[in-house]
There are 2 protein chains.
Amino acid sequence: MEQFVRRIKHYVDVGDADLHVLKNLRSTTEVYQPGQTIVSLNEPVDKLYIVTEGWVLRARYLDDGRRQIINFLLPGDYFDLMSIVGARSDHSIVAATTVRLTVFDAQDFLRATQGSHRLASAFWWVTVQEETILRQQIVRVGRLSARERIANFILELNRRQAISSGRHEDFVPLPVPQAFLADALGLSIVHVSRSLTSLKSKDLLQTSRKGIEILDRQRLIELAEYNPALFEPHPVALAAQ
Amino acid sequence: MEQFVRRIKHYVDVGDADLHVLKNLRSTTEVYQPGQTIVSLNEPVDKLYIVTEGWVLRARYLDDGRRQIINFLLPGDYFDLMSIVGARSDHSIVAATTVRLTVFDAQDFLRATQGSHRLASAFWWVTVQEETILRQQIVRVGRLSARERIANFILELNRRQAISSGRHEDFVPLPVPQAFLADALGLSIVHVSRSLTSLKSKDLLQTSRKGIEILDRQRLIELAEYNPALFEPHPVALAAQ
DNA sequence: CGATACGTTGAGCGAGTTCAACATACGTGG
DNA sequence: CCACGTATGTTGAACTCGCTCAACGTATCG
């Protein structure tokens with residue numbers, strides 16, 4: 001939950017008064033084991049979930065068993081604001097690891113945020129960032145080579161984790177097997193392994209079961225066609241609005 | 001502009017009173033020629049544009065000249081609601097054909113829609129649909145073969161055009177060269193041509209300079225792993241909220 | 001210490017790319 | 001209305017990146 005607060009503060013300077021509203025909202029906690037489905041395809045959504053521990057994934061499963069992971073939801077991320085119009089999910093949301101979620105009623109949540117201009121802005125910002133992440137994913141799988149995709153993706157994970165943890169480190173925890181990377185990046189497991197080996201041999205990064213250590217961020221950024229500035233929010237002068 | 005109205009009515013039953021507010025909003029018209037940039041990378045956005053004629057595209061251009069088209073904006077589509085928090089564009093928005101746009105001030109627009117619960121819901125729906133389109137694009141380029149991508153994309157264009165035109169036809173106008181398809185689908189121009197030839201030889205579709213004629217929708221849907229139901233909104237009981 | 005899941009490596013294959021030539025449509029000026 | 005130049009689309013041949021299948025390592029956890 002601190003990650004969530006850190007995240008919205010990264011976009012808009014919400015004060016304790018704003019946050020108080022959120023903290024007082026009725027919520028429950030749900031825990032899921034790896035592989036469990038949280039929201040199924042076509043299920044109506046009327047709750048809002050905040051990830052507090054573990055990794056969640058959005059994915060589409062094709063008839064012949066192929067899977068495309070659309071994106072990962074990390075601690076501090078939430079889903080699905082679209083629920084407020086009563087939409088149904090067009091994809092599955094699944095626990096990638098053991099996951100702890102804080103769950104709100106979507107309408108409660110909406111009413112709470114509408115009371116605060118700053119909170120509402122913060123949520124718009126997070127929504128804008130989500131879309132940026134989706135667009136980046138399209139560029140990755142559409143036009144980047146396997147090595148570029150991996151490098152780019154590692155950098156994105158690193159950036160997102162830095163925002164929600166508040167710490168800028170060169171280690172990217174990766175609590176899921178490479179098969180998940182493969183399904184996210186539109187590659188085969190084998191080729192993910194080979195591409196990582198190739199990046200290691202260039203001394204750009206180091207891998208372990210725990211995650212990936214970024215050894216040469218600058219060269220990695222160049223190889224990945226990754227422009228960190230694209231993802232940084234530009235401060236909003238709320239007072240001026 | 002009728003396409004725009006048809007589109008939001010497709011999601012929520014907005015009445016003439018709601019629409020009246022929109023029609024009275026101060027707006028201007030802008031015209032762009034093919035290839036002209038409408039919004040550049042990193043440009044602050046403070047306007048809301050509705051496409052009234054022609055095709056617009058969102059794209060990211062990589063350093064070495066590669067281009068990934070993120071999606072197309074067709075008549076009735078609008079961009080960019082994110083402007084209401086003063087975000088900057090993380091991609092370029094470019095006229096694909098000669099384009100006519102209706103332009104609003106983002107803040108004016110926001111105030112107008114906030115007055116009507118139905119209008120606000122309608123815009124949420126459109127935003128939800130946009131995200132669905134982005135997710136679908138990720139699945140396409142991530143896990144579908146070239147033929148599947150093309151078939152899937154044609155079906156999506158057909159669905160979107162049907163909603164905004166109000167007519168369900170089997171002809172999909174395509175006012176851009178195949179190179180645009182290639183950059184949207186993460187393929188080479190040559191392979192787009194070959195894949196289309198292959199689809200033609202199976203009597204699934206027919207092509208001309210004007211667009212694509214769907215000859216066997218059912219088989220095309222099967223080949224494309226395309227589930228039309230995923231994109232249909234489920235009626236919302238607004239009264240119940 | 002063994003079972004099991006995960007990661008790595010090799011060999012062969014195949015979908016999609018590149019380069020190049022050719023074909024067809026289209027717009028413009030004569 | 002034709003003639004030409006340019007855009008776009010098609011086809012062939014060679015190549016390459018990433019895939020599949022299969023075997024073999026190596027963590028990890030009871």
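Lettering follows sequence order; numbering is per chain, from 1. Quick note: numbers below take in every heavy atom, side chains included, and nothing from hydrogens, waters or symmetry partners.
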Q: Go through C/dT9, C/dT24, D/dG18 for me and flag the one nearest to the A/R194 side chain.
A: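 Within the option list, the nearest is C/dT9.
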Q: At 4.0 Å (heavy atoms only), tell me whether A/L187 reaches a base, stays on the sugar-phosphate, or touches nothing.
A: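 Sugar-phosphate only.
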Q: Stepwise, does the salt bridge (Lys or Arg N to Asp or Glu O under 4.0 Å) test hold for B/R60 with A/E225?
A: CA-CA 11 Å; B/R60 283 273 288 279; A/E225 295 259 3; over 6 Å; no
Q: What is the base-pairing partner of C/dT24, counting Watson-Crick and G-U wobble geometry with both distances under 3.5 Å?
A: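 When the pairing criteria are applied, nothing turns out to pair with C/dT24, so the answer is none.
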Q: When you get a sec, tell me which of D/dG18, C/dG7, D/dT11 is the closest nucleotide to the side chain of A/P177?
A: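 Nearest to the side chain of A/P177 among the choices is C/dG7.
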Q: Reckon B/T197 touches a base, only the sugar-phosphate, or nothing at all at heavy-atom distances under 4.0 Å?
A: sugar-phosphate
Q: Using 30° and 60° as the class boundaries, would you call the ring planes of A/W125 and A/Y11 parallel, tilted or perpendicular?
A: parallel
Q: From the options D/dT8, C/dG16, C/dT8, select the nucleotide whose nearest atom is closest to the side chain of B/R209.
A: D/dT8
Q: Report yes if at least one side-chain N or O of B/Q178 is closer than 4.0 Å to OP1 or OP2 of D/dT10; otherwise report no.
A: yes
Q: Output the rounded distance in Å from CD1 (B/I189) to P (C/dC19).
A: 12 Å
Q: Provide, to the nearest angstrom, the distance between the CZ atom belonging to B/R66 and the P atom belonging to D/dC17.
A: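 In whole Å, D/dC17 P and B/R66 CZ are 12 Å from each other.
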Q: How many Å lie between CZ on A/R143 and P on C/dG16, as a whole number?
A: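 Computing the A/R143:CZ to C/dG16:P distance gives 13 Å.
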Q: How many Å lie between CD1 on B/I212 and P on D/dG9, as a whole number?
A: 10 Å
Q: Please pick, from D/dG18, C/dG16, D/dC19, the nucleotide with the shortest atom-to-atom distance to any side-chain atom of A/S145.
A: D/dG18
Q: Across the strands shown, which category fits B/V190 at heavy-atom distances under 4.0 angstrom: base, sugar-phosphate, nothing?
A: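 Base contact - B/V190 has a heavy atom under 4.0 Å of at least one base atom.
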Q: Give one of base, sugar-phosphate or nothing for A/K210, where a contact means two heavy atoms less than 4.0 Å apart.
A: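 Contact class for A/K210: none.
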Q: Would you say the rings of B/Y49 and B/Y32 are close, in the sense that their centroids are separated by under 6.0 Å?
A: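 Judged by ring-centre distance (under 6.0 Å), B/Y32 and B/Y49 do not meet the cut-off.
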Q: Between A/R149 (CZ) and D/dC17 (C1'), how many Å, whole number?
A: 10 Å
Q: Strictly by Watson-Crick or wobble contacts shorter than 3.5 Å, is anything paired with D/dA7, and which nucleotide is it?
A: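 Answer to the pairing question: none, since D/dA7 forms no Watson-Crick or G-U pair.
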Q: Rounded to whole Å, how long is the line connecting atom CG of B/L196 with atom P of D/dT11?
A: 11 Å
Q: Calculate, to the nearest 0.5 Å, the distance between atoms CD and CD1 belonging to B/Q178 and B/I189 respectively.
A: 8.5 Å
Q: Please report the distance, rounded to the nearest Å, between CG in B/L144 and C1' in C/dA15.
A: 14 Å
Q: Would D/dA7 be called syn or anti here, given the cut-off of 90° from 0?
A: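 D/dA7: syn.
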Q: Using atom CG of B/L181 as one end and atom C1' of D/dG9 as the other, report the distance to the nearest whole Å.
A: 12 Å
Q: Side chains of A/L199 and A/L223: does their closest heavy-atom pair fall under 4.5 Å?
A: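 The answer is yes; the side chains approach within 4.5 Å.
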